[in-house]
Structure formats: C-alpha cells, structure tokens
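Per chain, numbering begins at 1; letters A, B, ... match sequence-line order.
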2 protein chains.
Amino acid sequence: MRLSKRGEYGLRAMILLATPDPQGRAVMLQIREISERENIPVKFLEQILLALKNAGLLHSKMGVGGGYYLAKPAREITLGQIIRILDGPIAPVKCVSQVAYEPCGCPDEATCGLRMVMFDVRAAMTNILDKTSLEDVSQRVQAQRALLNRE
Amino acid sequence: MRLSKRGEYGLRAMILLATPDPQGRAVMLQIREISERENIPVKFLEQILLALKNAGLLHSKMGVGGGYYLAKPAREITLGQIIRILDGPIAPVKCVSQVAYEPCGCPDEATCGLRMVMFDVRAAMTNILDKTSLEDVSQRVQAQRALLNRE
DNA sequence: TACAAAGTCTATAGTATAAATAGACTTTTG
DNA sequence: CAAAAGTCTATTTATACTATAGACTTTGTA
C-alpha cells in the first residue's frame with residue numbers, strides 16, 4: 001500500500017512549485033534547483049516533470065533562464081491527479097478502480113467481501129486525494145511554518 | 001498504492017475461513033480446497049497460510065483430515081492485522097508509519113506538506129482496515145448473498 | 001552568430017520486490 | 001506402514017521501480 005518514489009518526488013516538486021514566493025507571486029524553478037532542495041536525483045526528476053508537463057499540469061520554458069511552472073492555478077490541481085499520472089490508478093485492487101477496472105479473479109464479484117471493503121478503502125483515499133489541491137497543501141505548510149517561526 | 005497478490009490472497013483465504021458453514025459452525029479448510037475455490041496457486045497459498053499461522057492468526061491440524069482454521073473468533077481478527085503480516089506497514093510513505101517509521105528525505109519534516117496529507121491518508125485507511133473484522137466482512141457477504149438469493 | 005544554459009526524449013542498466021515453483025521433511029490417521 | 005496433510009527453506013522467474021546515460025532542441029546573450 002505504498003506510494004512509489006516517482007509519485008513521492010512528483011508530489012514534492014509540485015508542492016514546491018505551488019508555494020508562492022515571499023511577494024506572493026507564482027514561482028518558476030529549474031530542475032536542478034528542485035532536485036537540490038528536495039534531494040531528488042536530477043535525471044529521475046527530469047522524467048517526472050516531463051511526464052507532468054505532457055499531462056498538462058506543468059508548463060516549461062526552454063533555454064537560458066528557463067524552468068518549470070504550474071500550468072494552472074494551484075487551486076485547480078489535486079494530489080489525486082498527480083498520483084494517477086505518475087503511479088497509475090489509486091485503487092488498492094484493480095476490481096474497484098473506476099478508470100482501470102479489471103476483474104480480480106474471485107469466483108463471484110457481486111458477493112466478494114474483499115471487494116466490498118476495498119471499495120470503501122479506495123473511496124476513503126480518493127476522498128482525500130481528489131479533494132486536496134496544491135493550494136490546500138501550500139496553505140497548510142505556510143500555516144505550520146508561521147506557527148514554528150520558520151521562514 | 002496497490003495491495004500485493006500476497007495480501008489479496010491472504011485476505012481472501014481468511015474471509016473464507018471466517019465464513020461459518022450452513023449450520024453456523026466455524027470451518028476448517030485444506031489448502032487445496034481454498035486454492036481451488038479462490039483460484040490461488042497452491043504453493044503460494046501454502047506460504048501465506050503458514051505466515052498467518054506463525055503470526056498466531058491461524059491454527060492448523062496436520063495429517064489426514066487436517067486443515068486450517070481461525071485461531072480466534074472472527075470478531076477479533078482485523079483486516080489491518082492480516083495486511084501488516086503479509087505486506088508490512090500500511091502507511092503510504094514510511095515517515096508516517098507508526099510502527100515502521102523512517103525519515104523520507106524531505107528538508108524539514110515538521111513543515112513537509114506531503115507528510116501532512118499522507119498522515120491523513122494513512123489515518124483514513126487504517127480507520128477502515130483496523131476497525132473491520134473478519135466477522136464484519138463475513139456478515140456483509142452473507143447479507144449480500146441473501147439479497148441476491150445466491151447460496 | 002556562436003556558445004552556454006536550459007528543457008526534451010528515448011534507451012538502457014541496475015536493483016528490489018513480488019510471484020511462483022520445487023522438493024525434501026514432519027505429523028497424523030487408519 | 002502408507003497415504004494425506006501441513007512445514008520449511010531455497011530457488012527461479014517475472015515485473016516494476018529507480019536511476020543513469022547521452023544525444024537532441026530551444027532560447028537568451030555576449
């Protein structure tokens with residue numbers, strides 16, 4: 001039941017990109033900078049950001065002074081979207097996935113106890129991940145920073 | 001965020017063992033029978049049941065007419081216990097695990113946005129898995145069977 | 001215009017974990 | 001004692017995850 005490194009790194013990068021600068025402006029960051037600040041292997045991060053870009057969540061600027069920035073307001077990007085792009089469906093077993101349904105081999109799906117419970121687990125997970133936006137996360141981080149007096 | 005086959009098979013087997021026979025008595029089943037009814041490779045299932053036995057959730061009887069049966073009432077065995085035995089900690093990232101905590105490499109754990117959210121996700125998952133017993137599942141299955149008139 | 005800084009893209013290597021298989025051993029019953 | 005059943009450990013195979021490599025394109029600026 002674990003999030004992959006790919007997913008973890010991608011989420012960390014996106015959260016960083018969603019955190020406005022001290023003047024409250026949206027930020028643009030280079031791969032190298034994200035890599036250093038979050039301890040992520042640079043070449044691995046490269047692939048991850050590219051995937052997020054190709055999925056329409058990031059925009060990029062090439063050449064000198066380039067970098068990555070969010071393709072839309074942090075408010076409109078959820079953690080669930082990011083995880084699905086990087087790790088695939090969130091469902092703990094395929095037979096409860098909405099988008100990637102596959103039978104899981106039980107004799108009778110309609111009366112499969114495992115399926116009933118995993119359906120609930122999936123709902124509990126997506127209930128958080130699909131409702132939490134990057135803005136929500138960024139605000140929680142900033143609130144916590146203020147609380148601890150760390151800038 | 002997927003349950004392994006090992007975990008899935010183990011849960012399926014335990015649910016079967018928790019379902020009383022038509023006379024309402026606890027059942028004892030042989031590896032082969034579980035394997036056939038649930039389409040689980042017999043040698044793989046063998047390992048899984050053994051692990052559950054060694055963890056104290058199952059008892060077994062060797063020799064002719066032997067088999068596996070629950071070590072305690074279905075009421076007292078939760079899905080969370082089973083999953084932890086077979087798949088390890090439930091937490092989506094190690095840094096929010098209660099029993100198997102490990103730092104996850106973020107610069108400052110106290111203000112890590114990912115950690116905050118994953119903490120909630122973990123709670124949502126364990127809230128279901130640690131509160132749902134084999135009896136709960138077995139009852140849901142039987143209710144559903146009655147509803148569909150399938151015996 | 002040339003060069004350096006940055007992202008793009010695809011391939012491949014390495015590693016870990018999951019899944020499955022094998023086989024020899026022990027216990028129990030008839 | 002023979003057959004039925006669980007026990008135990010090792011090994012193989014497959015797959016997915018993680019990471020690295022390197023050649024390519026775009027853009028700003030000296």
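Annotation: side chain of B:T132 is not in contact with side chain of A:D120 (no heavy-atom distance under 4.5 Å). Considering only heavy atoms from C-beta on, B:P73 stays 4.5 Å or farther from B:E135 through its side chain.
If you take CD of B:Q30 and C1' of C:dT29, they are 13 Å apart, rounded to a whole angstrom. Between the OH atom of A:Y68 and the P atom of C:dA6 there is a distance of 13 Å, given to the nearest Å. Between the CD atom of B:E8 and the C1' atom of C:dA19 there is a distance of 12 Å, rounded to whole Å. Residue B:E36 contributes atom CD, which lies 14 Å from atom C1' of D:dA5 at whole-angstrom precision. Between the P atom of C:dT10 and the CG atom of A:L50 lies a distance of 9 Å, rounded to the nearest Å. Distance, B:Y69 OH to D:dA5 C1': 14 Å, rounded to whole Å. Atoms CD1 (A:I48) and C1' (C:dG7) sit 15 Å apart, rounded to a whole Å.
The shortest heavy-atom contact between B:E38 and A:P107 is OE1-CD, 3.7 Å. The two residues B:I34 and B:A13 make their nearest non-hydrogen contact at CG2-CB, 3.9 Å. Shortest non-hydrogen contact noted between A:I90 and A:M125 is CG2-CE, 3.4 Å.
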What's the verdict on side chain to side chain contact (heavy atoms under 4.5 Å, CB included) for A:L3 and B:M1, showing C-alpha distance, side-chain angles and the deciding distance? CA-CA 5 Å; A:L3 184 68; B:M1 306 283 249; 4.2 Å; yes
With side chain to side chain contact (heavy atoms under 4.5 Å, CB included) as the criterion, how do A:V137 and A:M14 come out once you've worked through the C-alpha distance, each side chain's angles and the decisive distance to 0.1 Å? CA-CA 10 Å; A:V137 179; A:M14 289 298 276; over 6 Å; no
Apply side chain to side chain contact (heavy atoms under 4.5 Å, CB included) to B:D108 and A:Q144, showing your working. CA-CA 11 Å; B:D108 180 10; A:Q144 187 66 13; over 6 Å; no
Run the salt bridge (Lys or Arg N to Asp or Glu O under 4.0 Å) test on A:R32 and A:E36 for me, step by step, so that the C-alpha distance in whole Å, both residues' side-chain angles and the decisive distance to 0.1 Å come before the verdict. CA-CA 6 Å; A:R32 179 164 316 173; A:E36 280 164 8; 5.1 Å; no
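Among the atoms of the strands shown, only primed sugar atoms or phosphate atoms (P, OP1, OP2) are found under 4.0 Å from some heavy atom of B:I31.
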Across nucleotides 13-21 of chain D, 5' to 3', mark each nucleotide with B, S or - according to how protein heavy atoms within less than 4.0 Å reach it. -----SBBB
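Grouping the Ile, Leu, Val, Met, Phe, Trp and Tyr side chains by contacts below 4.5 angstrom, directly or via other members, places A:F44 with A:I15.
Of all the residues in residues 52-64 of chain B, B:K61, B:M62, B:G63, B:V64 reach under 4.0 Å from DNA chain C with at least one non-hydrogen atom.
With respect to B:L70, the side-chain contact (heavy atoms from CB on, under 4.5 Å) criterion is satisfied by exactly one of B:L134, B:V27, B:L52, B:L57: B:L134.
Taking five base pairs at each end of the helix from C:dT1-D:dA30 to C:dG30-D:dC1 and finding the rotation axis that steps the C1' atoms of four pairs onto the next four gives two axes whose angle is 0°, to the nearest 10°.
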